[in-house]
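Here the structure is laid out as structure tokens; the discussion comes afterwards.
Convention: sequence-line order gives letters A, B, ...; per-chain numbering from 1. Note that these values count all heavy atoms, side chains included, but never hydrogens, waters or copies made by symmetry.
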2 protein chains.
Amino acid sequence: MPYASFASMPCALGRPAALLGERWTLLLLRQIFLGTRRFEDFQATMEISRSVLTDRLNVLLQEGVLKRVPYQEDGRTRHEYRLTEKGRDLYPVLMALRTWGEKWMAPEEEESFHLHHRDCGGGVRARVECTDCGAELTARDVQVTARQ
Amino acid sequence: MPYASFASMPCALGRPAALLGERWTLLLLRQIFLGTRRFEDFQATMEISRSVLTDRLNVLLQEGVLKRVPYQEDGRTRHEYRLTEKGRDLYPVLMALRTWGEKWMAPEEEESFHLHHRDCGGGVRARVECTDCGAELTARDVQVTARQ
DNA sequence: CTCCTTGCGTTCGTTTTTCGAACTCAGCTA
DNA sequence: TAGCTGAGTTCGAAAAACGAACGCAAGGAG
């Protein structure tokens with residue numbers, strides 16, 4: 001059981017990496033953070049096949065990243081996919097990807113969207129910091145202590 | 001061309017998400033940040049098939065995330081895979097995943113490794129902040145402005 | 001020189017995923 | 001009654017991943 005076995009590895013980095021490293025999952029989360037909530041809209045905007053979309057949504061539901069929420073439309077009850085608190089907590093992951101993308105993968109200046117702090121209008125970035133002294137950290141500043 | 005077309009989408013989040021969202025790529029980067037550098041070691045520790053490993057390494061080389069660096073062993077010249085500056089800059093992405101994993105996916109207290117700030121011994125975490133006022137931001141604090 | 005070992009891939013036939021078009025189904029609407 | 005719509009499910013074809021075997025270059029041993 002090659003890839004799937006990472007889902008049970010005792011590693012706080014490996015497990016999320018395996019979950020979000022499945023094809024389409026990160027792009028699906030991006031779309032969700034951009035406001036998409038309905039099956040048809042995911043399917044239309046991402047051009048993902050319906051069967052895979054079903055599968056990925058179910059995995060994220062099962063993991064507690066998404067929840068199905070009923071809503072009314074044309075007098076009918078339907079369901080939409082929304083982030084749970086656990087799902088919303090993935091925001092730093094997406095922002096770290098975007099911060100990296102802006103620095104290293106910006107195609108031109110053509111971005112599909114902009115982000116601003118509502119209160120002050122400033123930009124948004126992800127950073128790694130020390131929980132004690134608050135210093136910004138790079139990989140070189142961090143000591144890795146293996147457990148085996 | 002469904003998934004692959006995201007590689008050229010004009011979005012600083014979508015492009016990295018498509019690149020790192022390919023199966024094995026995040027787990028490969030995890031292994032690299034943990035210090036693995038050689039083909040055989042990736043293959044042994046991750047149980048990835050050799051052909052897919054070759055492909056993923058080549059994609060990361062092509063994207064400039066990794067570079068092949070010659071080194072000596074037993075008097076022979078060999079090559080190892082190392083992070084470029086672009087690659088090292090992915091650190092916040094991995095740390096954001098780990099911060100999330102610690103909060104939401106910790107299996108037990110059994111972690112495979114620990115991280116500490118070399119200077120003060122503190123813990124490590126990723127956070128999102130405003131580039132102007134420095135406030136920590138959640139998804140709710142950020143205004144998304146679409147471009148089309 | 002010839003054989004053996006090692007690290008690093010490549011090849012290739014089989015199994016898994018993904019694709020995409022068609023189908024299903026429930027709940028309105030005309 | 002028939003039609004429409006959102007949300008999936010099904011299924012045959014195509015693509016990707018798997019894994020065991022093969023290739024190959026550079027040393028070392030005999």
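The aromatic rings of A/F6 and B/W24 stand perpendicular to each other, their planes meeting at an angle above 60°, with 30° marking the opposite boundary.
The main-chain N or O of B/A7 is found under 3.5 Å from a side-chain atom of B/R15 such that the two form a donor-acceptor pair.
Applying the salt bridge (Lys or Arg N to Asp or Glu O under 4.0 Å) test to pairs two or more places apart or on separate chains, those with a residue in residues 19-38 of chain B are A/E22-B/R23, A/R23-B/E22, B/R38-B/E73.
Under a hydrophobic-cluster definition in which Ile, Leu, Val, Met, Phe, Trp and Tyr are linked whenever side-chain heavy atoms come within less than 4.5 Å, directly or via other members, A/V144 and B/L26 are assigned to the same cluster.
Of the listed residues (B/L28, B/T25, B/L19), just one forms a side chain to side chain contact (heavy atoms under 4.5 Å, CB included) with B/V59, and that residue is B/L19.
In this structure, A/Y81 reaches the sugar-phosphate backbone alone: every heavy-atom distance under 4.0 Å involves primed, P, OP1 or OP2 atoms, never a base.
Taking atom CE of residue B/M46 and atom P of nucleotide C/dC8, one finds them 15 Å apart after rounding to whole Å. One can place CZ of A/R78 at 11 Å from P of D/dT5, the figure rounded to the nearest angstrom. Computed from coordinates, the B/R76 CZ to D/dC24 P distance equals 16 Å when rounded to whole Å. Across the protein-nucleic acid pair, B/L53 atom CG and D/dA16 atom P stand 18 Å apart, rounded to whole Å. One interatomic measurement links the two molecules: NE2 of A/H79 to C1' of C/dA26, which rounds to 12 Å at whole-angstrom precision. The nearest whole Å value for the distance from the CZ atom in A/R68 to the C1' atom in D/dA7 is 8 Å. For the pair A/D55 CG and C/dT17 C1', the interatomic distance rounds to 10 Å; values are reported in whole Å. Residue A/L57 contributes atom CG, which lies 11 Å from atom C1' of D/dA7 at whole-angstrom precision.
Distance from the side chain of A/R50 is smallest to D/dT9 among D/dT9, D/dA26, D/dC18. In the set D/dA7, D/dA26, D/dG19, the nucleotide with an atom closest to the side chain of B/S49 is D/dG19.
For DNA chain C, the residues of residues 16-38 of chain A within the heavy-atom distance limit of 4.0 Å (strictly under) are A/R23, A/W24, sorted by number.
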